[in-house]
Amino acid sequence: MFSSLPSTSTFPLPNSTLTPSKTLTLTTTNPTTLSFNYKKPIKTKPFTIRASSHMIEKETAETHRPDTFLRDSDGGSGSGPSDQASIRSRFERMIREAQDSVCEAIEAADGGAKFKEDVWSRPGGGGGISRVLQDGAVWEKAGVNVSVVYGVMPPEAYRAANPASAGENGNFKPEPVPFFAAGISSVLHPKNPFAPTLHFNYRYFETDARKDAPGAPRQWWFGGGTDLTPAYIFEEDVKHFHTVQKNACDKFDPSFYPRFKKWCDDYFYIKHRNERRGLGGIFFDDLNDYDQEMLLSFATECANSVVDAYIPIIERRKDMPFTDQNKAWQQLRRGRYVEFNLVYDRGTTFGLKTGGRIESILVSLPLTARWEYDHKPEEGSEEWKLLDACINPKEWV
C-alpha cells in the first residue's frame, strides 16, 4: 500500500516472490487480534506462481546508499544519452531529496526518535531506501520510502497499474510487460488523536514493448497526490492544508486543483462504507497529456510542499490533551484506513501482483486499529462531524 504506485498508500517496493503463508496481524486497543491468513495460493491468478521467475529480481541488502539506483544505460553513470534517461535520473534525484527533507522535518517534530533505514538493490539495476520511525514521542508510525524498480509485470498487474489500458488497443496480447517505476511514498500516523494522518505519493512509470510481443503498448505517465486523514476536524488545519495544495497546483494550471481535489475525493472512497477515507487533498494518475518537463516540475513542486502543508498542523496539535474516548475514535478511523488500503488501493494491488517487498507495501498500516460492531457516533458530536465530512466531501478553499 505504501505503495506507492497508483496511490496511497503507498509506492510498492517490489520483492522477488509472494509469500502466501504469511500472517498479517493487526493489534487492536482491546485484547482482540485480527489475523489475515493467506494459506492457499489463488489458483485463478497464475502470475503469483511466476513471480519469482521473471517479474522482479530478489533484492540485496546494502550497507550504504548508492548515488543512484539507475542502470548505466538510463543515466546511472551520469552519461544517459536520451531525454527519457534524463527524466528518470532527475525524478530519482527529486524523490531522494524529498525523502531527506521530510524525514528531517519528522524527526525534528518528534524531538528524539530517529528513522530506521534499510537500503536494498537488485543485481539487474534498481533498488530503494525504506525509512520507518516507530513509537516516538509524536509518531506512532512514520514511513517514508523511495524506490527505483525495473521488472516485468503480468497483464493483470499492468491493468492494476493502468486500468485505462484494458480497452485501448484491440491488438494488445495478454503478455508480460517490461516496466520502469520510480517513486516516493509516505504515511505518517501521529499518536495524538487531534493530529491528522498524512499520506503522500509521487511516482513516474514507464512500460515498454516486449521484443517478442510488439503489440504491447509503450507508455509513460506520472501519478501521485497528498491527502489528509484526521480523526477530528479543525477547520483552520484543513483550510491550511488545502490552500497549500491549491497554491502548488495554481503555479502550473488553475484547473489542476479542482480537478485533482475531486479525483482525490473519488479515489479514496470506501465503497462498502459509503464514505471517504479522510478529508482529501489532491490525487492524479496516468497523467501524460502534458509535456514531460512540465509534469516533472509539477510533481517536484507538490513533493516539496508536503512539509509546509503538514508540519504546522502537527505543531499545533501534537501536545493537545485527549481522552480515552478521543483515542478510541482515532482507532476506529484507523480501521477505515486499513480497510481502504487492503481492499481498494491500486498501489497495494500492483505491489502484491508483482511480488512486491511486503514490508514496504504494508508499512502504511498503523501499529494499532480498532473495529467495533455497528458503531455510530452521536449526531451533532465532533466525531459525527468528521464522519459527515467523509460522507459528503466539502470545498475547503
Side-chain angles (χ1 to χ4, degrees), residues 1 6-10 26 28-29 140 186-190 192-201 225-246 257-285 309-310 313-314 317 320 322 325-348 364-366 368-397:
M1 213 161 317
S7 155
T8 99
S9 49
T10 95
L26 301 178
T28 66
T29 54
E140 176 186 284
S186 175
V187 175
L188 310 172
H189 293 295
N192 194 304
F194 295 123
T197 287
L198 182 85
H199 159 258
F200 74 91
N201 174 283
T226 305
D227 62 280
L228 197 69
T229 306
Y232 290 90
I233 296 178
F234 294 90
E235 288 210 10
E236 63 176 311
D237 295 350
V238 186
K239 288 180 178 178
H240 165 78
F241 175 79
H242 277 269
T243 296
V244 175
Q245 307 312 309
K246 184 177 186 301
Y257 174 75
R259 176 184 171 193
F260 298 157
K261 193 268 185 188
K262 184 180 186 305
W263 202 339
C264 187
D265 289 336
D266 292 343
Y267 177 78
F268 291 105
Y269 177 64
I270 308 173
K271 185 176 181 180
H272 62 271
R273 297 285 190 181
N274 190 32
E275 64 189 63
R276 276 77 187 165
R277 189 177 73 178
L279 300 185
I282 59 171
F283 177 86
F284 58 92
D285 211 355
Y310 185 53
I313 299 174
I314 292 298
R317 308 301 170 196
M320 288 182 65
F322 58 88
Q325 178 183 343
N326 299 142
K327 190 66 179 178
W329 174 247
Q330 179 199 47
Q331 298 301 291
L332 286 168
R333 296 311 302 174
R334 293 266 171 87
R336 297 294 201 268
Y337 207 96
V338 171
E339 289 177 31
F340 176 85
N341 284 19
L342 292 182
V343 177
Y344 298 109
D345 183 66
R346 282 172 60 184
T348 303
S364 63
L365 299 182
T368 58
R370 181 184 181 97
W371 285 264
E372 290 184 15
Y373 180 76
D374 198 28
H375 181 274
K376 293 183 176 65
E378 181 181 353
E379 187 170 350
S381 66
E382 294 303 313
E383 292 81 6
W384 179 89
K385 291 176 183 177
L386 184 279
L387 182 58
D388 181 65
C390 291
I391 294 173
N392 304 294
K394 300 180 179 180
E395 298 300 325
W396 298 99
V397 294

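Only a predicted model underlies this, so the values are computations on that prediction, with no experimental measurement involved. These values consider heavy atoms only, across backbone and side chains, with no hydrogens, waters or symmetry-generated copies.
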Please identify each residue that fulfils side-chain hydrogen bond (donor to acceptor under 3.5 Å, both in side chains) with His242, with sequence neighbours left out.
-> Tyr257
Validation row, ring centre Phe340 to ring centre Tyr267 under 6.0 Å | yes
Not counting sequence neighbours, which residues clear side chain to side chain contact (heavy atoms under 4.5 Å, CB included) with Thr243? List them please.
-> Asn247, Val397
Just how far is it from atom CH2 of Trp329 to atom CG of Leu387, taken to the nearest 0.5 Å?
-> 5.0 Å
Euclidean distance, Leu228 CG relative to Arg277 CZ, rounded to 0.5 Å = 10.5 Å
From CZ (Arg346) to CG (Asp285), nearest 0.5 Å = 4.0 Å
Is there a side-chain contact between Tyr232 and Glu383, using heavy atoms and a 4.5 Å cut-off?
-> yes
Return yes if some donor-acceptor pair links the side-chain N/O of Asn192 with the main-chain N/O of Met320 below 3.5 Å, else return no.
-> yes
For the residue pair Ile314 and Pro196, what are the closest heavy atoms and their distance?
-> CD1-O, 4.1 Å
Determine whether the side chains of Asp345 and Asn341 contain a donor N or O and an acceptor N or O closer than 3.5 Å.
-> no
Go through the structure and list residues passing ring pair (Phe, Tyr, Trp, His ring centres under 6.0 Å) with Phe284, not counting sequence neighbours.
-> Phe260, Phe298
Correct closest heavy-atom pair for Leu386 and Pro230 would be CD2-O, 3.6 Å
Applying side-chain hydrogen bond (donor to acceptor under 3.5 Å, both in side chains), name anything that partners Thr197, two or more places apart in sequence or on another chain.
-> His189
Under 3.5 Å: donor-acceptor pair, side chain of Arg276, backbone of Ile391 = yes
Identify whether the distance between the nearest side-chain nitrogen and carboxylate oxygen of Lys239 and Glu236 falls below 4.0 Å.
-> no
By side-chain hydrogen bond (donor to acceptor under 3.5 Å, both in side chains), which residues pair with Arg333, not counting sequence neighbours?
-> Glu275
Identify, with sequence neighbours excluded, every residue that meets side-chain hydrogen bond (donor to acceptor under 3.5 Å, both in side chains) alongside Tyr344.
-> His272
Under a 4.0 Å N-O cut-off, is there an ion pair linking Glu140 with Arg334?
-> yes
